[in-house]
Protein chains: 2
Amino acid sequence: MKNLTLKDIATALDLSITTVSKALKDYPDVSTNTKKKVKAYAKEVNFTPNAYAAYLRTQESKMIGVIIPQLNHYFFSNVLKGIMNAAEEEGYMVIILSSEESYELEKKQVDRLMKQNVDGILMSIADSTHDTEHIDNISKQNIPLVLFDKYSKLSECSSVIINDQNAAFTAVEHLIKSGRKNIAHLRGPLFPQNSIDRFLGYRKALEKHQLPYKKEWVFTCHDITSDEGYTYAKDILDKHPEIDAIFAVADMPAIGAIKYFNEQNISIPEQIAVMGFSNWKISGLVTPALSTVNQPGETMGRKAFELFYEELQLRKKGEKFAPKIIEVETSLVVRDST
Amino acid sequence: MKNLTLKDIATALDLSITTVSKALKDYPDVSTNTKKKVKAYAKEVNFTPNAYAAYLRTQESKMIGVIIPQLNHYFFSNVLKGIMNAAEEEGYMVIILSSEESYELEKKQVDRLMKQNVDGILMSIADSTHDTEHIDNISKQNIPLVLFDKYSKLSECSSVIINDQNAAFTAVEHLIKSGRKNIAHLRGPLFPQNSIDRFLGYRKALEKHQLPYKKEWVFTCHDITSDEGYTYAKDILDKHPEIDAIFAVADMPAIGAIKYFNEQNISIPEQIAVMGFSNWKISGLVTPALSTVNQPGETMGRKAFELFYEELQLRKKGEKFAPKIIEVETSLVVRDST
DNA sequence: CTTATCGTCGAAATCGTTTTCGTTAATCAA
DNA sequence: TTGATTAACGAAAACGATTTCGACGATAAG
């Protein structure tokens, strides 16, 4: 009961392997009649050509590799969903690897994917990644590469991103418009572009509305965890009681802050408003429900695959491909915490 | 700059392809000297044999397939982590597919993996799966199969599970010991074994402590969502005000219930206690923090891979393999909601 | 000196597909 | 009738690694 081969079909229909192969791929030098017969039989016995054998000739593995910084992560899981659905539609298998936010591991995973001869790599850069040599190597090896969410301004490749700066700006402006004047920012780590951009959006909003920017109101979350948010909330309450709103780089720190305020019986949003970023499922479930910026992960994943596929088709035709940057729309989700 | 082949090494060292291949695999009929030379050179140029070509001869793809019911799911993400880490250590690549809790899709994904010639399949059965023909087919095709978490009592294959009945029993007993007498159960769907077992554990605990079991205190969550928990919490408050504790089949419904109670200013755990199941990260972040049963996903994933690997080794030796069932330990996590 | 043994190595077949390049027979134009 | 064209099919050579089976020279045994 093992898998059938072209040979099996050939002997069954008294044809050559060549003809069977060509019939299945609609070559013009096979009669319509034989094509019909072959296709019907192939369908009947549920034949699929052996992917590994095919690779050997075509050098196409029909596999793509995806590297994300964290596996257990609402946003990235959504991106994966988008990638996997789009990939399946085009007959691609997906190999998922995680860099665990580690630069070293990220390099290793890139290497594993190249050794596996994937047809393309989609990845989101780890927070700790500070140089892009391993990434540029991918392009040098002539493998299509698409970055998403965490991208690099240095690398010449397609990317699917959101406009972090604008999104952050809108979020902070919403806080301002609801009367907040002393807005703190729980920012992300220093390397990632999106963490930088969200910080810049925060500053821009303050600037536009002539609110003071104070260094000591910016707290850096290195791991973007709820624990960090919890700790900084305590700091804020203890040392900066004048703060009346928090804009966090992500939902997790925001939720950690909410947890601390709840424990201290600080009323949200009356005494202090909290704004997250990403719209994780959990943000609708905490009390009070968290206002945040919706980041459409699934769409981003699908677009990323499409960019890869587009590039691959052009390469096959021998045409040049100019890297594209796709910006996906975000939206403000106002709930009870602001 | 494409990938090197055995041939490249052979010509570089003035040896035959055969000798190079054998040297790398430590065949006894290659001199220690040549082995050293070949290995050194292979390392220098960072050579890895082409996996697809190797497959053609050995029929081993060095890939395993994993099917989970949901991608965006804290517990399953943890399982994946365990699987992927263990797989990497043995040089295996992992192809992850999701059944989206759909029986039809599950069948399709099994088919995709078999066509891909994976060396083994690890899977968790979808809630809607009601027959196991597609699963039994895997074993019939002689592909090692390991089930985890959602398993089937009908299929003859290895499984990694927890003792759902005992775990549920302990959780409910904890509610009873803290003085609760009218305990409701938000149960899971009807097919999955673990949903059944948790329900049985609930009943057993009531029985042991001579508390009445009431049908109308059991509510079925078909999709195991927070929305269902939210809705049932309203039902409970409106129609069964005597209920003083809820044991939910999973964390999500429990959190939905907490949300509703918070909105209604029902104090937890004073007026009503809430117990979840699984220990998702979120359960420590809601207010009040949710008591729950810890389900060690990563360990389960690792064990699942190990079972697969064990079976594969025995099969290669031509020995028989008797399916094993591994039970992983759970633990009660008491927080503020009980 | 002949035969057997051993230690090293390679030629070649194989896995299943793809694709180039013939080959054959039938058809057409002249 | 002859030569050229076309339609339909197959033989065979890749792809890259693995593995069986010899081959060869050198040594040991008789």
Side-chain angles (χ1 to χ4, degrees), chain A residues 1-39 41-42 45-63 91 93 114-119 142 316, chain B residues 1-39 41-42 45-63 91 93 114-119 142 316:
Chain A
M1 258 291 268
K2 59 175 182 181
N3 276 338
L4 294 152
T5 69
L6 285 182
K7 197 176 176 182
D8 297 322
I9 300 184
T11 51
L13 298 182
D14 201 29
L15 287 168
S16 75
I17 295 177
T18 310
T19 307
V20 174
S21 173
K22 288 201 274 198
L24 290 172
K25 308 208 120 199
D26 267 327
Y27 272 57
D29 63 342
V30 176
S31 74
T32 331
N33 199 14
T34 8
K35 273 185 193 171
K36 264 189 196 163
K37 267 194 287 186
V38 171
K39 283 180 184 171
Y41 187 78
V45 297
N46 190 20
F47 170 82
T48 323
N50 184 298
Y52 303 96
Y55 163 82
L56 229 49
R57 279 252 38 189
T58 61
Q59 301 289 341
E60 280 195 75
S61 62
K62 286 284 186 177
M63 296 216 184
M93 280 288 185
M114 311 239 284
K115 294 283 181 198
Q116 188 68 34
N117 297 293
V118 292
D119 291 344
N142 241 38
K316 284 210 265 184
Chain B
M1 258 290 270
K2 60 176 181 181
N3 277 337
L4 294 152
T5 69
L6 284 182
K7 198 177 176 181
D8 297 322
I9 300 185
T11 51
L13 298 182
D14 201 29
L15 286 168
S16 74
I17 295 178
T18 311
T19 306
V20 174
S21 172
K22 288 201 276 198
L24 290 172
K25 309 208 118 199
D26 266 329
Y27 272 57
D29 63 342
V30 177
S31 74
T32 332
N33 199 16
T34 16
K35 272 185 194 170
K36 265 189 197 165
K37 267 194 285 187
V38 171
K39 283 180 183 171
Y41 187 78
V45 297
N46 191 18
F47 169 83
T48 323
N50 184 299
Y52 303 96
Y55 164 82
L56 230 49
R57 280 251 38 189
T58 60
Q59 301 288 342
E60 280 194 76
S61 63
K62 285 284 185 176
M63 295 216 184
M93 280 288 187
M114 310 238 283
K115 293 284 181 200
Q116 188 69 34
N117 296 293
V118 292
D119 291 344
N142 241 38
K316 283 211 266 183

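Proteins come first, then strands; the chains are lettered A, B, ... in the order of their sequence lines, and each starts at number 1.
- If you measure from atom NZ of Lys37(B) to atom P of dT8(C), you get 13 Å, rounded to the nearest angstrom.
- Scanning for ring-ring contact (aromatic ring centres under 6.0 Å, His included) contacts around Tyr55(B) gives Tyr52(A), with sequence neighbours left out.
- With sequence neighbours left out, Ser16(A) forms a side-chain contact (heavy atoms from CB on, under 4.5 Å) with Thr18(A), Thr19(A).
- As rounded to whole Å, 13 Å separates atom C1' of dG16(C) from atom NZ of Lys25(A).
- In this structure, the salt bridge (Lys or Arg N to Asp or Glu O under 4.0 Å) partners of Lys39(A), at least two apart in sequence or on a different chain, are Asp26(A).
- Residues Asn3(B) and Asn117(A) have side chains in contact (heavy-atom distance under 4.5 Å, counting atoms from C-beta outward).
- Between its two ends, the helix from dC1(C)-dG30(D) to dA30(C)-dT1(D) turns its axis by 70°, counting five pairs per end and rounding to 10 degrees.
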**Item:** Worked check of side chain to side chain contact (heavy atoms under 4.5 Å, CB included) between Leu24(A) and Leu6(A)
**Value:** CA-CA 10 Å; Leu24(A) 290 172; Leu6(A) 285 182; 4.0 Å; yes
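- In this structure, Thr58(A) contributes its side chain and Ala54(A) its backbone to a donor-acceptor pair below 3.5 Å.
- Of the residues in residues 45-52 of chain B, those with a non-hydrogen atom less than 4.0 angstrom from any atom of DNA chain D are Phe47(B), Pro49(B), Asn50(B).
- Among residue pairs with one or both ends in residues 6-15 of chain B, none qualify as salt bridge (charged side-chain N to carboxylate O under 4.0 Å, His left out); sequence neighbours excluded.
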What pairs of nitrogen or oxygen atoms, one from the protein and one from nucleotides 23-27 of chain C, lie under 3.5 Å apart?
none

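- Under the rule for a side-chain contact (heavy atoms from CB on, under 4.5 Å), the partners of Asp29(A) that lie at least two apart in sequence or sit in another chain are Lys22(A), Tyr27(A).
- Heavy-atom contacts of chain A under 4.0 Å fall on DNA chain D between two terminal nucleotides, which in 5' to 3' order are dA8(D) to dG16(D).
- Note: CG (Asn3(A)) to P (dG16(C)) measures 10 Å, nearest angstrom.
- If you check residues 5-12 of chain A against DNA chain C, the residues with a heavy atom closer than 4.0 Å are Thr5(A), Leu6(A), listed by number.
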Give each protein N/O atom lying under 3.5 Å from an N/O atom of nucleotides 12-14 of chain C, with the pair distance.
from, atom 1, to, atom 2, distance (Å)
dA12(C), N6, Thr18(B), OG1, 3.2
dT14(C), O2, Arg57(B), NE, 3.4

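- Of all heavy-atom pairs spanning Lys62(B) and Asp119(B), the tightest one is N-OD2, 2.7 Å.
- Of the two residues near DNA chain C, Ser16(B) and Ser21(A), the one whose nearest nucleotide lies more 5' is Ser16(B).
- For the atom pair CZ (Phe47(B)) and CD1 (Ile9(B)), the distance works out to 4.5 Å, reported to the nearest 0.5 Å.
- Counting to the nearest Å, the C1' atom of dG16(C) and the CD atom of Gln116(B) are 15 Å from each other.
- For the atom pair CD1 (Ile17(B)) and CG (Leu15(B)), the distance works out to 11.0 Å, reported to the nearest 0.5 Å.
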**Check against side chain to side chain contact (heavy atoms under 4.5 Å, CB included), Leu56(B) and Leu56(A)** = CA-CA 9 Å; Leu56(B) 230 49; Leu56(A) 229 49; 3.5 Å; yes
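- For Gln116(A) against Ala51(B), the heavy-atom pair with the smallest separation is NE2-CB, 4.3 Å.
- Along DNA chain C, the nucleotide nearest Leu4(A) and the nucleotide nearest Val20(B) are compared for position; the residue whose nucleotide lies closer to the 5' end is Val20(B).
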**Request:** List the steps, then state whether side chain to side chain contact (heavy atoms under 4.5 Å, CB included) holds for Asn50(A) with Thr5(A).
**Result:** CA-CA 7 Å; Asn50(A) 184 298; Thr5(A) 69; over 6 Å; no
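- Within residues 27-36 of chain A, the residues that place at least one heavy atom under 4.0 Å from DNA chain C are, in residue-number order, Tyr27(A).
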**Asked** Met63(A) and Met93(B): side chain to side chain contact (heavy atoms under 4.5 Å, CB included), yes or no, with the steps?
**Response** CA-CA 12 Å; Met63(A) 296 216 184; Met93(B) 280 288 187; over 6 Å; no
